[in-house]
Novice: 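First the structure, then my questions, so here it is.
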Amino acid sequence: RLRSSGICPTSRGPRRPEVTWRRTPEIERRFSSTRGHRDANDLIPVLKQSPDLPANALRSFCERLGVRAEMSPSTFTVDDADLLCRQIELLYGESAGDPGALRNVIKPVYRSMFELLSGQARAVSAPVLETTPLLAETADGYRFLPASEVLFAGTPGIKERSGLAGRVPIFVLEAEPAAEAPLTSIFGCRVLEKVLDWQPDPGECSLARGELVEMRNGLRQLVA
């Protein structure tokens with residue numbers, strides 16, 4: 001009965017053991033940082049541990065309840081990703097365009113999340129997080145939008161070369177190999193390069209009429 005009840009005191013309120021994380025060095029590495037004052041407690045439900053409790057007894061009790069300890073692609077789930085994305089929106093919805101928050105918190109957290117989702121990308125048959133908010137650069141600045149409305153730029157500089165920078169909602173991470181598979185299969189994002197329809201524009205001819213006739217005759221002579 002305890003395993004199915006929200007008895008665990010966490011940084012995100014009472015939670016069931018199966019969705020609670022015990023603080024470990026791996027969780028610290030991925031979600032805590034002195035730069036940007038980022039702490040794992042603010043992003044994921046981390047168990048509140050009293051320093052007075054014996055470490056071995058607490059570890060044994062957590063294992064019996066099913067509290068998760070090691071964070072890895074095999075233990076991080078799609079539901080964890082949804083909760084993390086919604087927490088990012090809750091914390092930074094009003095300051096998403098702040099350069100410090102983007103550089104030190106939002107982008108590193110997204111990168112860690114996609115690394116952890118690498119094992120889930122092939123397991124889903126259809127996007128399940130299409131309504132989950134993702135941060136995108138839009139014509140109105142940085143905004144959180146449903147994942148299905150966001151484009152992912154998989155090639156460096158493609159949004160500038162295409163002339164779409166700031167005109168369509170493009171995800172804040174660009175050219176991240178680990179992000180493409182989870183974004184398309186789990187979040188339902190589209191890849192910018194695959195939805196672009198390129199149309200050639202040769203411009204005005206730089207040859208005079210006589211030069212154009214001469215060039216065409218030369219080309220015909222080359223035909224086998």
Side-chain angles (χ1 to χ4, degrees), residues 35-36 73 81 85 88-89 92-224:
R35 298 177 63 184
C85 289
I88 293 174
E89 181 189 26
Y92 298 100
E94 300 297 328
S95 59
D98 177 66
L102 274 172
R103 182 177 60 255
N104 299 321
V105 182
I106 299 175
K107 288 184 177 181
V109 169
Y110 275 143
R111 290 190 184 99
S112 288
M113 181 185 71
F114 291 129
E115 290 174 5
L116 292 167
L117 283 174
S118 60
Q120 302 286 336
R122 301 181 185 88
V124 297
S125 56
V128 292
L129 299 183
E130 291 182 307
T131 60
T132 299
L134 292 176
L135 184 59
E137 184 180 358
T138 72
D140 300 321
Y142 289 95
R143 293 178 55 199
F144 285 94
L145 298 173
S148 59
E149 300 179 13
V150 177
L151 296 168
F152 171 66
T155 305
I158 186 65
K159 62 182 182 181
E160 287 78 16
R161 295 198 303 273
S162 64
L164 295 176
R167 297 173 59 186
V168 295
I170 299 178
F171 187 52
V172 291
L173 289 184
E174 179 182 349
E176 292 279 346
E180 183 170 344
L183 278 173
T184 54
S185 62
I186 298 175
F187 289 87
C189 292
R190 294 168 296 164
V191 178
L192 180 62
E193 294 88 320
K194 296 181 180 179
V195 299
L196 284 176
D197 184 17
W198 294 96
Q199 298 290 338
D201 182 14
E204 296 181 2
C205 181
S206 59
L207 300 175
R209 183 174 182 82
E211 293 173 328
L212 187 59
V213 171
E214 182 180 355
M215 186 190 73
R216 287 173 175 168
N217 290 334
L219 288 174
R220 291 190 185 98
Q221 295 174 11
L222 296 176
V223 176

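One-based numbering along the sequence shown.
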Novice: Heavy atoms only: give me the nearest T184-P127 pair and the separation to one decimal.
Specialist: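 Taking every non-hydrogen atom into account, O-CG, 4.1 Å.
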
Novice: Do you know the tightest heavy-atom contact between I106 and A96?
Specialist: CD1-O, 4.2 Å

Novice: Using a cut-off of 6.0 Å, state whether more than 12 heavy atoms not belonging to E214 lie near its atom CD.
Specialist: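 Open.
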
Novice: Strictly distance-based, threshold 3.5 Å: is any side-chain N or O of E149 a donor or acceptor partner for the main-chain N or O of P146?
Specialist: no

Novice: Can you name the nearest heavy-atom pair linking V124 to S185, along with the distance?
Specialist: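 That would be CG2-O, 3.5 Å.
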
Novice: Report yes or no: does E137 contribute a side-chain atom to a donor-acceptor pair with the main-chain N or O of A165 at less than 3.5 Å?
Specialist: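 Not a single qualifying donor-acceptor pair exists.
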
Novice: If I compare all heavy atoms of K159 with all of I170, which pair ends up nearest, and what's the gap?
Specialist: CB-CD1, 3.6 Å

Novice: In Å, rounded to the nearest 0.5 Å, how long is the span from OH of Y110 to CG of L135?
Specialist: 5.5 Å

Novice: Just verifying a value: how many Å separate N217 CG and L222 CG, rounded to the nearest 0.5 Å?
Specialist: 11.0 Å

Novice: Specify the closest pair of heavy atoms between L102 and P108, including all atoms of both residues, with the distance to one decimal.
Specialist: O-CD, 3.9 Å

Novice: Looking only at atom types and distance, does a side-chain atom of E89 sit under 3.5 Å from a main-chain N or O of F144, one as donor and one as acceptor?
Specialist: no

Novice: Is the shortest side-chain heavy-atom distance between P182 and M113 below 4.5 Å?
Specialist: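 Side chain of P182 against side chain of M113, heavy atoms only: no contact under 4.5 Å found.
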
Novice: Can you measure from CZ (F152) to CG (L173) and round to the nearest 0.5 angstrom?
Specialist: 7.5 Å

Novice: A quick test of your reading: do over 12 heavy atoms of other residues, nucleotides or ligands sit less than 6.0 Å from CZ of R216?
Specialist: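 Open: at most 12 neighbouring heavy atoms sit under 6.0 Å from CZ of R216.
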
Novice: Distance from L151 atom CG to T138 atom OG1, nearest 0.5 Å?
Specialist: 12.0 Å

Novice: OG1/T132 to CD1/I88 distance, rounded to the nearest 0.5 angstrom?
Specialist: 11.0 Å

Novice: Tell me if a side-chain donor or acceptor on R161 pairs with a main-chain N or O of P156 at a distance below 3.5 Å.
Specialist: yes

Novice: State, to 0.1 Å, how close Y142 and G97 come at their nearest heavy-atom pair, and which atoms those are.
Specialist: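 Where Y142 meets G97 most closely, the heavy atoms are CD1-CA, 3.6 Å.
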
Novice: Rounded at 0.5 Å granularity, tell me how far OG in S148 sits from CG in L134.
Specialist: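 S148 atom OG to L134 atom CG measures 9.5 Å (nearest 0.5 Å).
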
Novice: Judged by atom type as modelled, is there a donor-acceptor pair below 3.5 Å linking the side chain of S112 to the main-chain atoms of V109?
Specialist: no

Novice: Parallel under 30°, tilted from 30 to 60°, perpendicular over 60°: which one fits the rings of F114 and F171?
Specialist: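 Perpendicular, since the angle between the ring planes exceeds 60°.
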
Novice: Is there a donor-acceptor pair closer than 3.5 Å between any side-chain N or O of E115 and the backbone N or O of A178?
Specialist: no

